[in-house]
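Input: a single structure, listed below in structure tokens.
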Amino acid sequence: MSKKSCQDKHPRIPKEFKGIQVNCCKFTRCENFGLTPEQAQETEIYKEYNKNKLNRQVRESDPFYLITGGSNGISSIKCRSCEIINQTSQSKNQVHYIIKSNQAVHEEYERISSYLNETGSVCINPDCDSHITGISKIKKRGKTAKGTQRFFCNICRTSFVDKPINRPHERPELNKLFFKELVGKSPLRQIEFKLDMSMGMIYRRIDFIHRQCLAFVADRERKLFESKSFDSLYLCTDRQVHKSNWTNRKSKKNCEFYGIGTADLTSNYVFAFNFNYDPDMDPQETEEESLAIIDYKELKQNRKFARVWLKSDFDASQKEMRKRKEKLAGSQEEYIEIKTSEGFADEFSSSENLGKDTDIPVKGMEVHNEYTMAAHFFLIKKLTQNAKKTRFFLDLDSGMKTWYLAAFKEEIQAGKSDGFLVTMAKEMTVDYKRSAAREAKDKIQEFCGIPYASLTHQERHRVVNDMIIENIDNPFIPSKSVDAWVRNPMPFMSEPEKMISSFTNIDRYDFEHQANLYRKGSLHAIDRFFMQIRRRVYMFERPFSSGSNQFRIWNGYSPYNPAMYQKLADIFRVFYNYCQPSKKYKITPAMRLGLAKGPVDIEKILYFEKYKK
């Protein structure tokens, strides 16, 4: 048995970092679900298991988790209770979970949530108690020569300044028109021609508008966790994949980035849309520091730069990457079989598919997709913390379910949050979608004996609920899986052949309550936002590939600088939430959520500080 003096300098499972611990069992039907290593060590079972080792220089044993792997830099925790469940059941649930760095999750969370921080509220020194605990011991201390507010921390005696004041720039009368051009699918070259602006002026103007949008939306969204409350929120989460153009004509390799977004199903308000790209990190400096400290020899969860893709990680990933071909032309049952079987086979919680035609960016650094997903759910957790109940409907995508469970494990255990997976036949053509919608209406008529068009809104819900209750009694269960899939019979063209599976315990509700949850299950709100941003922001337009370029993708509208994805996504999210009323309801998503009294004029966003006063 190993002596304690011979143990590694890092714990076998990374310790909780600033309230974040993502390494635990994530099977909701297991008694160890959400049990962190810190909580496990406080249990009587753990103490009894190691009572003869407390005063000896030997490593303590864990009665809950077993550490496996490590030879390839990746280690996993194996839930002993889940293993017993598998041995006594024909269904095979996930047993292993790749160990991740809690510090890396927190770093990514701080990056994507930094817009919510009000300058002067806490100290900027990461080692200061004010920064760690959020306790404000900050005082104003004059201004700089340029008029920027200076702050002073009474705890660590650090002095820092506010964000720079937006100085007057050339031709400010074009700001509103420029904003409209950005969200009206005008390419930058067209803006250059129409407004007679240089490209340097255009990029500076985008940076200005981006800063103003973040300042405006931060002021509104801070109300979500400071003053507003909700009885329940129905949220849906999905992802988009975007590829920036290659910068090296010899290799012609794209950089692939994932944008994950969450929207409210009732109001259509988009809470966040985050990309796995950090523009502030320097690849060359990071690579040099990583080599200097021999970071690559550590297990991945113990590395200083665990959050980002290093060249060594990328090369190793390309060697080990095996191609996955999914049979999307089959039925939804076949699709679910493939996704669930692949998920259990490789035990990975990331869906990054870095093939031979992809590369990592030369400017800024790409973040491991799973850390962005985890940080995204922690951000949503912060924004929805005043909701009494949350229900999440997630796309059937690798890792999304895992990181929702890691972020909301306390709420799930308390019965305040429920999670569902949603899948549908997305690859259908319009004609097939219409046919599927007609078939769904025919089935409803066959079930109740009344034509679908003759039913009122309430009657349709009543009939659909009755059909769902029948499906609950006879669900589709994939082989080697514990997930039960229920078909939603609603005739929606946008979501044909929709099936939903609950992966949290909803058996505590009666059948009528369960049927309501299955009926409401949808990805429509976030898919609508994705559709709008593709149609209205030129950089998000779908690229094309052809056999003549060996199916490599190049799009004249895609950016060469990946940072543009996040900037334009933030700008459009503010416009979509606050400025654009829906044709059906004549109000904006922010109005429906209670964050605005009316459509916000673009000028109030561009000159936020003036109107705030």
Side-chain angles (χ1 to χ4, degrees), residues 91 232 234-236 238 265-266 268 328-340 389 391-396 418-479 481-528 584:
S91 301
S232 60
Y234 296 87
L235 307 168
C236 56
D238 200 355
L265 279 169
T266 304
N268 287 333
L328 299 179
S331 65
Q332 284 303 101
E333 287 84 356
E334 292 173 339
Y335 178 79
I336 294 169
E337 290 274 9
I338 293 169
K339 295 295 287 185
T340 53
K389 285 188 177 182
R391 272 67 181 261
F392 280 81
F393 299 95
L394 314 177
D395 184 39
L396 180 58
D418 290 303
F420 301 80
L421 291 175
V422 181
T423 183
M424 65 204 72
K426 292 183 178 180
E427 303 302 319
M428 278 186 174
T429 63
V430 174
D431 291 335
Y432 279 111
K433 288 181 179 180
R434 288 173 180 163
S435 177
R438 285 195 299 268
E439 289 178 5
K441 291 178 181 179
D442 292 341
K443 289 181 180 178
I444 291 176
Q445 180 176 348
E446 182 182 347
F447 182 85
C448 66
I450 303 174
Y452 181 82
S454 301
L455 296 172
T456 64
H457 189 70
Q458 291 77 11
E459 289 173 343
R460 290 174 184 177
H461 284 182
R462 176 68 269 154
V463 173
V464 169
N465 276 14
D466 291 340
M467 294 176 70
I468 289 176
I469 290 173
E470 281 195 1
N471 293 336
I472 291 175
D473 291 332
N474 188 28
F476 166 68
I477 302 177
S479 59
S481 175
V482 294
D483 295 328
W485 290 83
V486 175
R487 186 174 293 277
N488 185 327
M490 289 293 286
F492 290 141
M493 265 190 63
S494 59
E495 296 180 331
E497 299 184 7
K498 181 166 58 179
M499 299 184 71
I500 302 174
S501 173
S502 169
F503 54 86
T504 56
N505 179 27
I506 64 171
D507 292 340
R508 62 187 186 276
Y509 306 131
D510 57 39
F511 281 121
E512 188 65 27
H513 195 161
Q514 292 182 41
N516 282 328
L517 293 175
Y518 283 118
R519 176 175 51 80
K520 291 180 179 180
S522 173
L523 300 177
H524 175 73
I526 190 63
D527 285 345
R528 180 178 182 272
K584 182 177 181 180

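To the nearest 0.5 Å, atom CG of residue Leu517 and atom OG of residue Ser502 are 8.0 Å apart. Here the straight-line distance linking atom CG of Leu394 with atom CG of Leu235 works out to 9.5 Å at 0.5 Å rounding. For the atom pair CD1 of Ile472 and CD1 of Ile506, the computed distance is 6.5 Å after rounding to the nearest 0.5 Å. We find the CD-CD1 distance between Glu512 and Ile469 to be 5.0 Å, quoted to the nearest 0.5 Å.
Using a 4.0 Å cut-off between charged nitrogen and carboxylate oxygen, Lys498 and Glu495 count as a salt-bridge pair.
The shortest side-chain heavy-atom distance between Trp485 and Pro478 falls under the 4.5 Å cut-off. Side chains of His524 and Cys236 form no contact here, defined as non-hydrogen atoms less than 4.5 Å apart. Residues Arg487 and Met467 form no side-chain contact, since every pair of their non-hydrogen atoms from C-beta on lies 4.5 Å or further apart. Looking only at side-chain heavy atoms (C-beta outward), Asn465 and Tyr518 stay at 4.5 Å or farther from each other. Glu497 is not listed as a side-chain neighbour of Met424, based on a closest heavy-atom distance of 4.5 Å or more. Between Leu523 and Asp238 there is a side-chain heavy-atom pair separated by less than 4.5 Å. Under the 4.5 Å side-chain criterion, counting only non-hydrogen atoms from C-beta, Val422 is not in contact with Ser522. Between Val486 and Glu470, every side-chain heavy-atom pair lies at or beyond the 4.5 Å cut-off.
A donor-acceptor pair under 3.5 Å is formed between the side chain of Glu459 and the backbone N or O of Thr456. For Asp395 (side chain) and Thr423 (main-chain N/O), no donor-acceptor pair under 3.5 Å exists by modelled atom type. Looking only at distances, a side-chain donor or acceptor of Ser501 sits under 3.5 Å from a matching main-chain atom of Ala484. Proximity of a side-chain donor or acceptor of Thr504 to a complementary backbone N or O of Gly419 within less than 3.5 Å is detected.
The two residues Asn268 and Ala525 have their closest heavy-atom pair at OD1-CB, 3.4 Å. The two residues Asn488 and Gly521 have their closest heavy-atom pair at ND2-O, 4.0 Å. Between Ala437 and Pro491 the shortest heavy-atom distance is O-CB, 3.6 Å.
Under the 3.5 Å distance criterion, with hydrogens and angles disregarded, a donor-acceptor pair is assigned to the side chains of Asn516 and Arg519.
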side-chain contact (heavy atoms from CB on, under 4.5 Å) between Val464 and Ile444, worked out: CA-CA 7 Å; Val464 169; Ile444 291 176; 4.2 Å; yes

Using the side-chain contact (heavy atoms from CB on, under 4.5 Å) rule, take Met499 and Asn471 through it: C-alpha gap first, then chi angles, then the decisive distance, then the call. CA-CA 10 Å; Met499 299 184 71; Asn471 293 336; over 6 Å; no

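Here the options are Lys441, Gln445, Arg462, Arg460, the test is side chain to side chain contact (heavy atoms under 4.5 Å, CB included), and the partner is Leu455; only Arg460 passes.
For the ring pair (Phe, Tyr, Trp, His ring centres under 6.0 Å) condition, the pairs that include at least one residue of residues 431-463, sequence neighbours left out, are His457-His461. Among residues at least two apart or in separate chains, ring pair (Phe, Tyr, Trp, His ring centres under 6.0 Å) pairs with a member in residues 490-513 are Tyr404-Phe503, Tyr509-His513.
Taking the six-membered ring where the residue is Trp, Phe420 and Phe393 present parallel rings, their angle staying beneath 30° rather than reaching 60°.
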